[in-house]
Amino acid sequence: MLQQTPVARVLPVHEQWLDRWPTPADLAAEPTGEAVRMWGRLGYPRRALRLHAAAQAIVERHGGEVPDDHAALLALPGVGEYTAAAVASFAFGQRHVVLDTNVRRVLARTVGGVELPAQHVTKAERETARELLPDDEATAATWSVAVMELGALVCTAARPRCTECPVASLCAWRAAGHPAYDGPPRKVQTWAGTDRQCRGRLLAVLRDADGPVHLSRLDAVWADDAQRVRSLAGLVEDGLAVRTDAGTYALP
DNA sequence: GAGTCGTGGAT
DNA sequence: TATCCAAGACT
């Protein structure tokens with residue numbers, strides 16, 4: 001839930017989610033559409049499908065218990081390098097390079113002397129993080145969560161609180177006079193008129209309906225025929241929607 | 001490796 | 001009001 005999503009927005013959904021499905025087995029027993037519905041407006045709804053699939057995999061491969069092994073975590077749907085490292089570190093106290101957007105920004109500033117990291121994680125970045133990670137397992141786990149919190153609460157993307165920063169004295173970016181970002185132009189996420197917006201509109205109709213909806217109700221929320229048809233097909237392709245025999249659409 | 005995939009609070 | 005961007009994963 002936290003992937004690319006602010007913590008404050010996740011908290012209420014997370015609470016409802018665990019109230020309804022306390023264990024992986026509880027979630028795994030539900031239709032995937034229920035996961036999509038409970039996901040609400042968190043965004044990137046394919047994550048709901050993957051979380052549901054991960055719950056099933058945990059039941060099938062790990063007896064219903066979340067594995068503590070990094071490789072086993074990484075093999076779960078929706079779990080990438082970051083999430084596997086985060087769970088292994090924060091839940092199980094292990095030593096892994098935890099490289100999320102917060103850590104990347106802290107390292108870019110303190111070590112790299114630049115305001116912001118590159119668009120995507122680089123090999124050099126991962127190497128820097130690996131070298132800085134303390135050797136001791138428990139200390140490494142604490143270090144990882146500490147750097148992450150520093151990035152989330154102090155070394156923020158906009159208006160960093162440098163006067164409150166515990167490592168300001170060793171920060172290369174501060175020493176350089178806080179130079180502004182001057183790398184390649186960062187990709188701006190266009191939104192209005194995109195397939196993403198269209199998909200969001202369509203899925204919202206399915207999510208908010210009690211049962212299958214007629215195509216006319218989907219037609220009503222997006223004017224561009226070609227784009228709407230393409231987006232709906234994409235939702236079906238992704239497993240976020242299903243077409244019934246009667247020609248209606250619903251959550252899977 | 002670059003594109004794609006939602007949503008909404010903050011500035 | 002427009003832009004930024006947030007505990008990334010997958011193709």
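Order of the sequence lines sets the chain letters (A, B, ...), proteins ahead of strands, with each chain counted from 1.
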Quick one: are A:Arg50 and A:Arg46 in side-chain contact, heavy atoms under 4.5 Å?
yes
Could you please name the option among C:dA9, C:dA7, B:dG6 that lies closest to any side-chain atom of A:Arg50?
C:dA9
Shortest side-chain distance from A:Arg105, nucleotide among B:dC5, B:dG6, C:dA6
C:dA6
For the C1' atoms, the ones on B:dA2 and on C:dA7, what distance do you get once it is rounded to whole angstrom?
23 Å
Looking only at heavy atoms, the pair that brings A:Val221 and A:Arg217 closest together is CG1-O, 3.9 Å
When you measure from the side chain of A:Arg207, which nucleotide among C:dG8, B:dT11, B:dT7 comes out closest?
B:dT7
What are the two closest non-hydrogen atoms of A:Thr83 and A:Gln3, and how far apart are they?
OG1-NE2, 2.9 Å
At 4.0 Å (heavy atoms only), tell me whether A:Arg196 reaches a base, stays on the sugar-phosphate, or touches nothing.
base
Would you indicate what A:Thr83 reaches in the nucleic acid, counting non-hydrogen atoms under 4.0 angstrom: base, sugar-phosphate, or nothing?
sugar-phosphate
Given atom CZ of A:Arg9 and atom P of C:dC4, what is their separation to the nearest angstrom?
17 Å
Across the strands shown, which category fits A:Gly80 at heavy-atom distances under 4.0 angstrom: base, sugar-phosphate, nothing?
sugar-phosphate
Return the nearest nucleotide to the side chain of A:Asp100; candidates are C:dC5, B:dG6, C:dA7.
C:dA7
Using whole Å, report how far CG of A:Leu11 lies from P of B:dG9.
14 Å
For A:Gln227, is there any backbone N or O sitting under 3.5 Å from a side-chain donor or acceptor partner on A:Ser231?
yes
Please determine, for the side chain of A:Ala157, which listed nucleotide (B:dG8, C:dA6, C:dA9) has the closest atom?
C:dA6
Do the side-chain N or O atoms of A:Arg201 get closer than 4.0 angstrom to the phosphate oxygens (OP1, OP2) of B:dG6?
no
Whole-Å P distance, C:dT11 and B:dG6:
14 Å
Taking the nucleotide of DNA chain B with the nearest heavy atom to each, does A:Arg41 or A:Ala158 sit closer to the 5' end?
A:Arg41
Using the side-chain heavy atoms of A:Leu116, tell me which of these nucleotides is nearest: C:dC5, B:dT11, C:dA7.
C:dC5
Take A:Thr156 and A:Glu81, find for each the nucleotide of DNA chain C with the closest heavy atom, and name the residue whose nucleotide sits nearer the 5' end.
A:Thr156
Under 4.0 Å, heavy atoms only, any strand: does A:Val10 hit a base, just the sugar-phosphate, or nothing?
nothing
Whole-Å gap separating P (B:dG3) and CG (A:Asp195):
16 Å
Here the distance between atom P of C:dC5 and atom CH2 of A:Trp191, to the nearest Å, is 18 Å
Check this one for me: any side-chain N or O of A:Arg47 less than 4.0 Å away from OP1 or OP2 of B:dC5?
no
Measure from CG on A:Leu203 to P on B:dC5 and round the result to the nearest Å.
13 Å
One thing to verify: whether A:Arg95 and A:Asp135 come together as a salt bridge, which I'm taking to mean a side-chain N less than 4.0 angstrom from a carboxylate O.
yes
Which part of the nucleic acid does A:Thr101 contact within heavy-atom distance under 4.0 Å: base, sugar-phosphate only, or nothing?
sugar-phosphate
At under 4.0 Å, does any side-chain N or O of A:Gln3 touch on OP1 or OP2 of C:dA7?
no
Please indicate whether A:Glu15 has more than 12 foreign heavy atoms, meaning atoms of other residues, nucleotides or ligands, lying under 6.0 Å from its CD.
no
A:Glu237 atom CD is separated from C:dC10 atom C1', nearest whole Å, by 14 Å
For atom CD of A:Gln227 and atom P of B:dC5, their distance in whole Å:
10 Å
Residue whose closest nucleotide on DNA chain B lies nearer the 5' end, A:His120 versus A:Arg159:
A:His120
Mind calculating the distance between CG (A:Leu42) and C1' (C:dA6) to the nearest angstrom?
12 Å
Tell me whether the OP1 or OP2 atom of C:dG8 has a side-chain N or O from A:Gln4 closer than 4.0 Å.
yes
On a heavy-atom basis, the closest approach of A:Arg105 and A:Cys155 is NE-O, 2.7 Å
Give the nucleotide from the list B:dA2, B:dC5, C:dA7 with an atom nearest to the side chain of A:Glu149.
C:dA7
